[in-house]
Amino acid sequence: MKIDRLIGILSLLLRQEQVTTPALAERFEVSPRTIRRDIDTLCRAGIPLVTTRGRDGGISLLPGYRVDRTLLTTPELQAILAGLGSLDSVSATRRYARLMEKLSPGQAPLAPGGEHLLIDLSSWYKTSLPPKFEAIRAAIEAARTIAFTYFSPKGETRRRAEPYTLVFHWSAWYVWAWCLVREDFRLFKLNRMTDLTVGEPFSPRPAPTPDLTPERVFPPVWQVEILFDPSCQWRLVEEYGADSFTRRPDGKLLFRGRFPDK
């Protein structure tokens, strides 16, 4: 993804006096045009980069500039490691582990100490999810459309879309994309997608940030009241929270909730 490439470029420039655009493109496996856009992004973020033309030219940091890693405490660095490692759990690669290795001085670990936080984002779909995740990530990077069969409560449809953002929410992975069939932005759940293929290039359009509030994605329509046996209490707490029901004098649990469909 773009953010790991930006951090990797900055890390490389902190260790080397100068590097060329073709060398960066080869190292990060992208086009020189993408690297030039990344350099523009770093400049807009306030990183003082200097570009010189000619045979001996290249990209370098303004002399005297450095990043003080001591601004981050060891627990903060370990949290970064855990977060990046969680992306490796779903991408089926060591891309983000290698990123942290690039940020480490020499062969020394970036944040020594025992790991006390483990995040696995792959859930039950360790086999089927990573290929889709990687294909969509590559399509986003290259600005290429995706086509897939999608299964929803309304049935099975074939969709084509312009992908913009991979989203982890509600314990599942989604892609925020412009649906070329519905001509609107949609959240597509990766686990409901099959026969995924990457298609032709597209010109990215302004993409709003997805509104992930439950009321927006799942508009409540049906008001429901249900009496549950006390043995179901653990599941109600897990799914809807301890304040989603009241205990009646007879011990039964009165649940109240609103749902988007029957």
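- Going from atom CD1 of Ile146 over to atom CZ of Phe188 covers 7.5 Å, rounded to the nearest 0.5 Å.
- Within a 6.0 Å sphere centred on CZ of Arg205, heavy atoms belonging to other residues, nucleotides or ligands number more than 12.
- Between Lys252 and Asp250, no side-chain nitrogen of the basic residue sits less than 4.0 Å from a carboxylate oxygen of the acidic one, so the salt-bridge criterion is not met.
- Residues Ile140 and Tyr164 come closest through the heavy atom pair CG2-O, 3.6 Å.
- For the residue pair Ala177 and Ala161, the shortest heavy atom distance occurs at CB-CB, 3.8 Å.
- Taking CD1 of Ile39 as the start and OG1 of Thr34 as the end, the distance is 11.5 Å to the nearest 0.5 Å.
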Using residues 178-186 as the side-chain source, report each donor-acceptor pair under 3.5 Å to any protein atom, sequence neighbours left out, with the distance given to one decimal.
{"unit_1": "Asp184", "atom_1": "OD2", "unit_2": "Arg186", "atom_2": "NH1", "d": "3.0"}

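- With sequence neighbours left out, the side chain to side chain donor-acceptor pair (under 3.5 Å) criterion links Arg158 to Thr149.
- Proximity of a side-chain donor or acceptor of Tyr174 to a complementary backbone N or O of Thr165 within less than 3.5 Å is not detected.
- Residues Arg192 and Pro153 share a closest heavy-atom pair of NH1-CD, 3.9 Å.
- For Val175 against Pro163, the heavy-atom pair with the smallest separation is CG2-CB, 3.9 Å.
- Cluster annotation: Leu196 and Phe151 are assigned to distinct hydrophobic clusters (Ile/Leu/Val/Met/Phe/Trp/Tyr, side-chain heavy-atom contacts under 4.5 Å, transitive).
- Taking CG of Leu10 as the start and CG of Leu61 as the end, the distance is 6.5 Å to the nearest 0.5 Å.
- Side-chain contact between Val19 and Arg27: absent, with no pair of heavy atoms (C-beta onward) separated by less than 4.5 Å.
- Contact annotation: the side chain of Thr21 never approaches that of Thr51 to less than 4.5 Å [non-hydrogen atoms, C-beta and beyond].
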Legend entry - ring-ring contact (aromatic ring centres under 6.0 Å, His included) assessment of Phe133 paired with Phe168: CA-CA 11 Å; Phe133 182 94; Phe168 184 78; 9.8 Å; no
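- The CD atom of Glu238 sits 10.0 Å away from the CG atom of Leu236 when rounded to the nearest 0.5 Å.
- Pro204 approaches Phe202 most closely through the heavy-atom pair CD-O, 3.3 Å.
- To the nearest 0.5 Å, the span separating CD1 on Ile35 from CG on Leu24 amounts to 5.0 Å.
- Taking the side chain to side chain donor-acceptor pair (under 3.5 Å) definition, one finds that Arg159 meets it with Thr157, sequence neighbours left out.
- Residues Glu200 and Arg160 meet the side-chain proximity criterion, which asks for heavy atoms closer than 4.5 Å.
- One N or O on the side chain of Lys132 and one on the backbone of Met193 form a donor-acceptor pair closer than 3.5 Å.
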Would you give me the side-chain donor-acceptor pairs under 3.5 Å for residues 220-235, sequence neighbours excluded?
{"unit_1": "Glu225", "atom_1": "OE2", "unit_2": "Arg256", "atom_2": "NE", "d": "3.1"}
{"unit_1": "Asp229", "atom_1": "OD2", "unit_2": "Ser231", "atom_2": "N", "d": "3.0"}
{"unit_1": "Asp229", "atom_1": "OD2", "unit_2": "Ser231", "atom_2": "OG", "d": "2.8"}
{"unit_1": "Gln233", "atom_1": "OE1", "unit_2": "Arg247", "atom_2": "NH2", "d": "2.3"}
{"unit_1": "Trp234", "atom_1": "NE1", "unit_2": "Ser231", "atom_2": "O", "d": "3.4"}
{"unit_1": "Arg235", "atom_1": "NE", "unit_2": "Glu239", "atom_2": "OE2", "d": "3.0"}
{"unit_1": "Arg235", "atom_1": "NH2", "unit_2": "Glu239", "atom_2": "OE2", "d": "3.4"}

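- Separating the CG atom in Leu49 from the CG atom in Asp40 is a distance of 9.5 Å, to the nearest 0.5 Å.
- With sequence neighbours excluded, no residue satisfies side chain to side chain donor-acceptor pair (under 3.5 Å) with Thr209.
- Using a 30° and 60° split on the angle between ring planes, Phe259 and Phe255 fall in the tilted class, from 30° to 60°.
- Under the 4.5 Å side-chain criterion, counting only non-hydrogen atoms from C-beta, Thr246 is not in contact with Leu253.
- The heavy-atom pair separating Pro208 from Pro206 by the smallest distance is CD-O, 3.7 Å.
- Sequence neighbours left out, not one pair with a member in residues 171-181 passes salt bridge (charged side-chain N to carboxylate O under 4.0 Å, His left out).
- When side chains are defined from C-beta on, Trp176 counts as touching Leu187, because their heavy atoms get closer than 4.5 Å.
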